[in-house]
Every structure is written in C-alpha cells, then in structure tokens.
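Notes follow once the structure below has been shown.
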Number of protein chains: 2
Amino acid sequence: MAAFSVRARAVDAAAAIEPCGHCGARTRSVCNAIEAPDLARLAALAHGLTIPAGRQFIEEGDAAEHFFNVTAGTAKLFKMLPDGRRQITGFAGVGDFLGLAVSATYAFGAEAIEPMRICRFSRSRLKTLLADFPALERRLLEVAANELVMAQEQMLLLGRKTARERLASFLIARQSHGDAVRLPMTRSDIADYLGLTIETVSRTLTWLRGQRLIEIPAAAEIVIRDRPALERLAAGLR
Amino acid sequence: MAAFSVRARAVDAAAAIEPCGHCGARTRSVCNAIEAPDLARLAALAHGLTIPAGRQFIEEGDAAEHFFNVTAGTAKLFKMLPDGRRQITGFAGVGDFLGLAVSATYAFGAEAIEPMRICRFSRSRLKTLLADFPALERRLLEVAANELVMAQEQMLLLGRKTARERLASFLIARQSHGDAVRLPMTRSDIADYLGLTIETVSRTLTWLRGQRLIEIPAAAEIVIRDRPALERLAAGLR
DNA sequence: GGACCGGGTTGATTTGCGTCAACGCCGCAT
DNA sequence: ATGCGGCGTTGACGCAAATCAACCCGGTCC
C-alpha cells in the first residue's frame with residue numbers, strides 16, 4: 001500500500017515535470033548522489049517550477065519552507081540593508097542547490113536574472129529523504145564545503161582587492177566556453193556582487209579593454225584576450 | 001579481536017590527552033553528536049595538541065591532512081595576496097571546527113592569537129568515523145550551513161558597510177558576557193577582518209567612544225554603553 | 001636606568017572610488 | 001515614425017578611507 005502510494009506520486013510528478021532520470025541538471029547537481037532505482041522517490045518529492053526573469057522567488061527573512069535545485073537559467077542571491085544597499089553573495093546556475101540554511105528563515109533573497117526552471121523540495125520531506133540516503137547528505141556536505149571555500153575567496157576580494165583585480169577575478173572565474181564570458185546579469189548586478197558601483201564597473205571594463213586584456217563585443221559578452229595577464233591581475237600580482 | 005584493538009587504542013588516547021568525555025568543548029562542538037558510549041572511538045582517533053600564541057598551525061595551500069577542533073584559545077583564519085595584503089576570514093574559538101574543505105589543500109591559513117588546545121583528527125580516519133556515525137555528518141552539515149550564513153553576512157559587511165557600521169557589527173557580534181567585549185586580537189587583525197586599516201579601526205573606535213556608544217577601558221577590552229544605538233548602526237540604519 | 005620594540009593613537013595629506021550629471025543606444029509600445 | 005524607459009558609458013567633482021608620519025605607552029632585555 002505504502003509502496004503503491006509512493007509509485008503513484010512518482011507517476012504524477014513525472015507527468016507534471018521532467019522525471020529526474022531525464023533531468024538535464026542531474027549529472028551536475030546534488031541529485032547525482034541518488035542511484036537510478038531511487039530516482040522515482042526523489043521525483044515524488046520534487047515540484048517543478050518555471051520562473052520568469054526578474055521574479056524574486058526567495059524573500060530574505062521569510063520562513064524557509066523549501067529547498068531548490070536549479071535545472072535551467074540563473075539566479076542572483078543577495079542580502080540588503082534597510083536603505084537599499086545590496087550585496088549579491090552569489091549567482092546560482094544549473095545544478096546549484098539553494099536553501100541549505102538550517103535556520104527557520106532564508107538568510108538571503110533570490111531573483112531570476114534569466115528565465116529559470118527549478119526543482120522545489122519541501123524542507124520537511126527532504127529531511128526524510130536525507131535519513132534514507134546518506135549519500136545525499138555526504139554530497140550536500142561536499143557542496144557546502146565548496147561554497148564555503150568560494151565565500152572565503154570572495155571575502156578576500158571584497159576586503160582587499162582593487163576594482164581592477166575584482167573585475168579580473170570575476171571574469172576569470174566565470175570564463176567557461178573557451179575565452180568567451182557570458183554575462184547574463186546587468187552591470188548593476190556585477191557591481192553589487194563585487195562591492196563596487198556601476199560606473200566603476202563600466203570604467204574598469206573600459207580600462208581592461210584599453211590594456212588589451214579583454215574585448216567587449218556586446219555588453220553581455222566579454223572575450224578574454226590575454227588570459228595570463230588577467231590571471232596575474234586577479235591574483236593580485238603587481 | 002577487532003573490538004579489543006579499538007578499546008586498547010582508546011585507552012592509549014585517554015592517557016595521552018583529556019578523554020572526550022571530560023572535554024570542556026564537547027557540549028559546544030561537533031563532538032556532541034557522538035553519544036557517550038562511542039566517545040572512546042572518537043578519542044582513539046583524536047590527537048591533543050598545545051599551540052603557543054603566534055604559531056601558524058595551518059598553512060594555506062598545504063596538503064590538508066587533518067581536521068581540527070578547538071578546545072581552548074582562539075585562532076585567526078586568513079587568506080593572503082602575494083604582496084602581503086591579508087584578509088582574515090574568521091576567528092575560531094572553543095568548539096569550532098577547522099578544515100572542512102573537501103579539496104586536497106587548505107584554502108586558508110590559521111594562526112593562534114592566544115595559547116590554544118586543539119584536537120587533531122586524521123582526514124582519512126575521520127572518513128571512516130563519518131561512515132559509522134551519520135549523526136556526526138548531519139552535525140557537520142549544520143555547522144557548515146551556519147558558517148555559510150555568517151560568510152554571507154560578512155560579504156555584506158565587506159562589500160557595502162561603512163567603517164563605522166563595520167566596527168559596530170563586529171562589536172555586536174562578539175559581545176558575549178554582558179556588555180563587555182573581549183578582543184584577544186590586535187588592531188591589525190581587526191583591520192584585516194573588516195577590510196580596513198589599523199588607523200581607521202583606531203579612529204573609528206575613538207569616534208564610537210566620543211558618541212558614547214562604547215567605553216575603552218583597555219585596548220583589548222571594550223564595553224558597550226548604548227547597545228540599541230550600536231545595533232542600529234550595525235544594521236545600517238541612518 | 002635606558003635603549004629598544006611592538007602595539008596603539010592621532011594628525012596631515014593623498015587617492016581610489018563614489019556621487020552627480022549628461023548623454024548614447026536599443027528595444028518596445030503606441 | 002516617434003517617444004520613452006532601461007541600461008550602459010563617460011566626464012567633473014567630492015569624500016571616506018588609505019597613506020605617510022610623528023608620537024605615546026608599556027614590556028623587556030641589557
């Protein structure tokens with residue numbers, strides 16, 4: 001009976017969203033800790049959502065009722081001060097996991113900067129799943145430890161690097177397909193991520209272009225032209 | 001046979017260091033995830049060390065062979081740039097856990113700012129322990145998630161707060177026994193933690209005293225005199 | 001005692017980045 | 001076509017914090 005009920009829910013979920021087995025994000029996400037035979041149970045707990053660009057789907061301070069797994073698109077994660085100052089603490093792309101916080105409320109807000117597909121889990125149900133699949137818990141610990149390392153790197157950037165070094169670090173970290181860097185976020189987002197203003201971001205990119213370190217074919221696309229020099233700059237070598 | 005061997009090692013460890021059952025840090029550390037009957041196994045894997053103030057016991061970039069648990073004293077954790085610029089990413093006190101990083105090398109350095117006692121575990125052996133005690137793994141995940149929340153808070157501070165707000169936040173966060181704030185670290189450490197210079201730290205503390213928000217009976221001790229005002233300042237309210 | 005040294009405070013000056021402002025580009029709606 | 005609003009760039013100017021420098025204080029080692 002219980003088994004049937006689980007199966008039935010799995011079928012419902014599969015009908016409503018892409019089943020986990022076919023999920024494009026699976027190999028890149030925490031879900032790859034789950035073996036194929038158990039994916040049905042995972043799908044039964046998941047809820048697929050489509051989110052338009054610009055929609056804020058996590059509000060800082062709200063009761064944390066869900067975990068999220070990004071299956072398409074990109075989100076910005078941020079904290080705000082009462083007068084409107086904003087710090088973007090990170091960008092979440094395909095495979096990234098959101099809502100790890102143990103506390104009862106979200107410690108940050110999240111807003112889609114591109115159309116997104118996300119996989120939503122109820123907090124309470126996932127607890128059960130964690131108990132059943134220690135491998136998932138181990139994977140989450142790995143993910144959290146990695147995030148922590150990146151957070152420390154970002155603290156070094158925010159506390160001690162110059163504007164030029166910050167932009168260089170940002171571009172090096174985001175470069176993926178060859179020398180092209182895709183920038184789905186606005187200059188304002190980049191500024192709030194690097195602890196700068198939009199004007200300084202713009203001026204600094206212009207300066208990097210003047211030094212022949214990058215090219216700027218479009219506002220949302222940058223090409224790295226002299227990677228070694230950019231890496232030296234990012235590392236703080238004078 | 002196997003059980004005997006484990007017991008024997010537990011006895012050896014108990015002789016060499018304080019047994020976990022009597023450890024003053026236990027209730028405050030990750031070790032409280034372990035039940036008393038299993039503490040002997042924990043003690044068998046632990047290695048107690050005494051570290052004098054000023055000694056760096058983790059070198060950034062070194063092979064990460066150990067985990068550490070602080071049982072007395074305080075350490076500063078930091079990252080450096082090649083020209084000497086330094087960012088302190090946190091302070092580790094009694095009960096804190098160091099070396100979570102999954103990567104093969106330490107992502108930060110650690111130096112004692114007071115005489116310390118630490119409990120050292122071999123990375124490889126702890127892996128075994130984690131497999132045996134899922135509760136420990138769950139506890140580590142909680143700890144990591146908490147660290148992540150604090151790291152995001154620090155990014156907001158470093159990226160968007162003024163010098164006055166940074167010092168106010170620092171003092172509010174460190175206040176523990178009543179209104180007294182103990183500062184075992186130097187002004188240079190505070191500056192490197194808050195992304196400022198020692199001169200700005202000194203001047204800003206003097207300014208806070210002038211506003212009657214704090215008193216400075218000694219360089220290493222500050223008393224909060226107007227907590228609500230200090231909290232407003234820390235929160236960024238103008 | 002006194003020379004020395006590391007840590008801390010305070011003052012004068014500089015500077016990197018922020019602020020304020022103008023303008024160009026592009027997509028879109030009417 | 002035309003006006004409009006969001007985004008990005010560039011220039012002039014201002015300011016918070018960095019830099020440079022002098023000095024104080026309390027240990028400690030001759």
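Order of the sequence lines sets the chain letters (A, B, ...), proteins ahead of strands, with each chain counted from 1.
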Return the value, rounded to whole Å, for the distance between atom CD1 of I198(B) and atom C1' of dC23(D).
-> 14 Å
Under 4.0 Å between any heavy atoms, over every strand shown, what does G195(A) touch: base, sugar-phosphate, or nothing? Just pick one.
-> sugar-phosphate
Between S202(A) and R160(A), name the one whose nearest nucleotide on DNA chain D is closer to the 5' end.
-> S202(A)
Calculate the interatomic distance between I216(A) atom CD1 and dC7(D) atom P; express it in whole Å.
-> 18 Å
Could you check how far CD of E221(B) sits from P of dG8(C), rounded to whole Å?
-> 15 Å
L183(B) CG to dG8(C) C1': how many Å, rounded?
-> 13 Å
Given atom CZ of R164(A) and atom P of dC17(C), what is their separation to the nearest angstrom?
-> 8 Å
With a cut-off of 6.0 Å (strictly less than), are more than 12 heavy atoms of other residues, nucleotides or ligands near CZ of R55(B)?
-> no
Give me the ring orientation class for F91(A) and F170(A): parallel if the planes are under 30° apart, tilted from 30 to 60°, perpendicular past 60°.
-> tilted
So does T197(B) get a side-chain nitrogen or oxygen closer than 4.0 Å to the phosphate oxygens (OP1/OP2) of dT19(D)?
-> no
Just to confirm, is there a sub-4.0 Å distance from OP1 or OP2 of dA17(D) to any side-chain nitrogen or oxygen of R203(B)?
-> no
Would you say dG6(D) has OP1 or OP2 under 4.0 Å from some side-chain N or O of T186(A)?
-> no
Among dG11(D), dC20(D), dG8(D), which nucleotide sits nearest the side chain of E199(B)?
-> dC20(D)
So, does D96(A) use its side chain to make a donor-acceptor pair with the main chain of G93(A) at under 3.5 Å?
-> yes
To the nearest angstrom, how far is D189(A) atom CG from dC7(D) atom P?
-> 9 Å
Interatomic distance, L167(B) CG vs dT9(C) P [rounded to whole Å] | 11 Å
Check whether any side-chain N or O of K161(A) sits under 3.5 Å from a backbone N or O of A234(A) as a donor-acceptor pair, and report yes or no.
-> yes
For atom CZ of R187(B) and atom C1' of dA17(D), their distance in whole Å = 18 Å
Side-chain N or O of T200(A) closer than 4.0 Å to phosphate OP1/OP2 of dG18(C) | yes
Given dA18(D), dG11(C), dC17(C), which nucleotide is nearest the side-chain atoms of L196(A)?
-> dC17(C)
Might you point out which heavy atoms bring A145(B) and L100(A) nearest each other, and give the distance in Å?
-> CB-O, 4.0 Å
